[in-house]
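Note sheet for the following structure.
Please read these numbers as outputs of a predicted model, since none were measured by experiment. Starting from 1, each residue takes its place in the sequence as its number.
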Amino acid sequence: MSDLELMRREKNDYFKHDPYSPISPEQRKTFQGLRYYPENPALRLVTTIAEYPDKPRVTMATSTGEVRPYLKYGQFTFEVNGASAALQVYQDTEQAYFFLPFVDATAGEETYESGRYLEIEPAGGGKFLIDFNMAYNPYCAYSPQWSCPIPPKENRLSVKIEAGEKKYHE
């Protein structure tokens with residue numbers, strides 16, 4: 001079993017059985033698992049991020065009307081299905097993790113309409129692992145009680161990212 005398959009299995013187990021699951025106890029009774037695209041090796045990137053020297057502080061609106069602060073860390077470009085794309089990477093101001101919220105051309109049809117997320121990891125040598133196969137829905141995709149950052153306009157792509165988690169609800 002691949003690491004990706006293991007992660008997906010563990011996530012389904014968490015959703016189904018854990019009392020802190022983002023789905024309700026009623027939903028857990030009939031939960032059959034999340035839906036995913038097949039693994040797409042072409043969307044597992046080890047790349048550099050053009051780091052901004054001043055890393056401006058920005059706020060992202062959330063699904064509940066709150067705002068969350070981030071540092072605008074940098075930008076990376078990549079190719080998907082023959083088209084060039086660029087995304088901004090943000091850094092959490094408190095825990096310093098790297099956050100990649102995005103909306104692509106699958107949103108609303110195959111994936112959650114408000115977008116998906118990735119946490120990305122440094123891969124050494126100034127590079128980062130950006131694996132779109134790990135893209136996931138924010139918890140507000142499962143319940144409106146959660147407050148989730150809304151991907152900014154600059155991270156809305158016209159290309160399809162056919163990797164990662166699909167819509168929970170049809």
Side-chain angles (χ1 to χ4, degrees), residues 1-18 20-23 31-51 60 62-63 68 70-81 83-92 95-143 146-152 154-157 159-169:
M1 177 182 302
S2 73
D3 288 344
L4 182 63
E5 291 168 328
L6 180 60
M7 183 275 308
R8 289 176 176 181
R9 180 180 287 177
E10 289 173 351
K11 186 171 183 178
N12 281 336
D13 185 62
Y14 171 76
F15 271 55
K16 176 87 173 160
H17 301 289
D18 197 286
Y20 296 106
S21 169
I23 60 176
F31 181 73
Q32 297 295 309
L34 299 171
R35 298 177 325 117
Y36 296 95
Y37 288 99
E39 188 169 4
N40 184 343
L43 290 172
R44 185 178 193 278
L45 314 171
V46 177
T47 188
T48 56
I49 295 173
E51 188 176 342
M60 282 187 213
T62 71
S63 56
R68 294 213 186 131
Y70 291 92
L71 298 177
K72 194 171 180 179
Y73 182 82
Q75 175 180 285
F76 73 98
T77 58
F78 63 106
E79 193 171 293
V80 59
N81 297 327
S84 182
L87 287 169
Q88 302 297 313
V89 173
Y90 300 89
Q91 191 170 26
D92 180 79
Q95 298 174 2
Y97 65 86
F98 295 99
F99 180 53
L100 178 57
F102 69 96
V103 177
D104 67 286
T106 66
E109 297 295 321
E110 297 175 39
T111 62
Y112 181 54
E113 62 271 5
S114 295
R116 295 181 286 161
Y117 298 165
L118 275 175
E119 275 101 34
I120 62 175
E121 299 287 331
K127 296 192 180 277
F128 286 79
L129 172 61
I130 301 172
D131 188 350
F132 286 101
N133 295 289
M134 303 294 278
Y136 65 93
N137 293 328
Y139 279 3
C140 53
Y142 312 107
S143 172
W146 296 93
S147 181
C148 306
I150 298 168
E154 61 196 4
N155 274 13
R156 295 177 184 269
L157 300 172
V159 297
K160 289 184 175 188
I161 303 293
E162 294 173 306
E165 192 174 329
K166 291 184 175 185
K167 271 198 302 194
Y168 176 59
H169 299 290

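With Thr62 contributing its side chain and Ser147 its backbone, the two residues share no donor-acceptor pair below 3.5 Å. At distances below 3.5 Å, at least one donor-acceptor pair connects side-chain atoms of Lys167 with backbone N or O atoms of Gly108. A donor-acceptor contact shorter than 3.5 Å is absent between the side chain of Ser21 and the backbone of Lys16. When atom types are taken as modelled, the side chain of Ser114 and the backbone of Ala141 share no donor-acceptor pair closer than 3.5 angstrom.
The distance from atom CD1 of Ile120 to atom CE of Met134, rounded to the nearest 0.5 Å, is 13.0 Å. A distance of 9.0 Å separates OH of Tyr142 from CD1 of Ile23, quoted to the nearest 0.5 Å. Here Gln75 contributes atom CD and Asn155 contributes atom CG; the two are 8.5 Å apart, rounded to the nearest 0.5 Å. To the nearest 0.5 Å, atom CG of residue Asp13 and atom CG of residue Asp18 are 8.5 Å apart. Here Asp131 contributes atom CG and Leu45 contributes atom CG; the two are 8.0 Å apart, rounded to the nearest 0.5 Å. Between the CG atom in Asn133 and the CE atom in Met7 there is a gap of 8.5 Å [rounded to 0.5 Å].
Put simply, the side chain of Tyr90 reaches to within 4.5 Å of the side chain of Pro152, judged on heavy atoms. Thr106 places a side-chain heavy atom less than 4.5 Å from the side chain of Tyr37. With a 4.5 Å cut-off on side-chain heavy atoms, Glu51 and Tyr73 count as touching. When side chains are defined from C-beta on, Ser143 does not count as touching Pro22, because their heavy atoms never get closer than 4.5 Å.
Checked against the 6.0 Å centroid threshold, Phe76 and Phe128 do not count as a close aromatic pair.
The two residues Lys11 and Leu34 have their closest heavy-atom pair at CE-CD1, 3.7 Å. Taking every heavy atom of both residues into account, Leu100 and Gln88 meet most closely at CD1-O, 3.2 Å. In terms of heavy atoms, Ala163 sits closest to Asn40 at CB-CB, 4.4 Å. Nearest heavy atom pair, residue Thr48 against residue Gly126, reads CG2-O, 3.8 Å. The two residues Asn12 and Gly33 come nearest to each other via the heavy atoms OD1-CA, 3.4 Å. Here the closest heavy-atom approach between residue Glu162 and residue Leu43 is recorded as N-CD1, 4.1 Å.
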#### Entry: Worked verdict on Leu6 versus Glu10 for side chain to side chain contact (heavy atoms under 4.5 Å, CB included)
CA-CA 6 Å; Leu6 180 60; Glu10 289 173 351; 3.7 Å; yes
### Message
As a quick check of understanding, evaluate side chain to side chain contact (heavy atoms under 4.5 Å, CB included) for Val159 and Asn81, giving each step before the final call.
### Response
CA-CA 8 Å; Val159 297; Asn81 297 327; over 6 Å; no
### Query
side chain to side chain contact (heavy atoms under 4.5 Å, CB included) between Phe99 and Met60: does it pass, once the steps are laid out?
CA-CA 12 Å; Phe99 180 53; Met60 282 187 213; 4.2 Å; yes
### Message
One pair to check against side chain to side chain contact (heavy atoms under 4.5 Å, CB included): Tyr20 and Tyr14. What are the steps and the verdict?
### Response
CA-CA 8 Å; Tyr20 296 106; Tyr14 171 76; 3.7 Å; yes
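Enclosure of atom CZ in Arg44 is not indicated, since only 12 or fewer non-hydrogen atoms of other residues, nucleotides or ligands lie within 6.0 angstrom. Arg156 CZ: more than 12 foreign heavy atoms inside a 6.0 Å radius.
When only modelled atom types and interatomic distance are considered, Glu165 and Tyr112 share no side-chain donor-acceptor pair under 3.5 Å.
With sequence neighbours excluded, the residues forming a ring pair (Phe, Tyr, Trp, His ring centres under 6.0 Å) with Phe132 are Phe78, Phe102, listed by chain and number. Listed by chain and number, the residues in a ring pair (Phe, Tyr, Trp, His ring centres under 6.0 Å) with Tyr136 are Tyr117 (sequence neighbours excluded).
Taking the charged nitrogens against the carboxylate oxygens, Lys160 and Glu109 have no contact shorter than 4.0 Å, which rules out a salt bridge.
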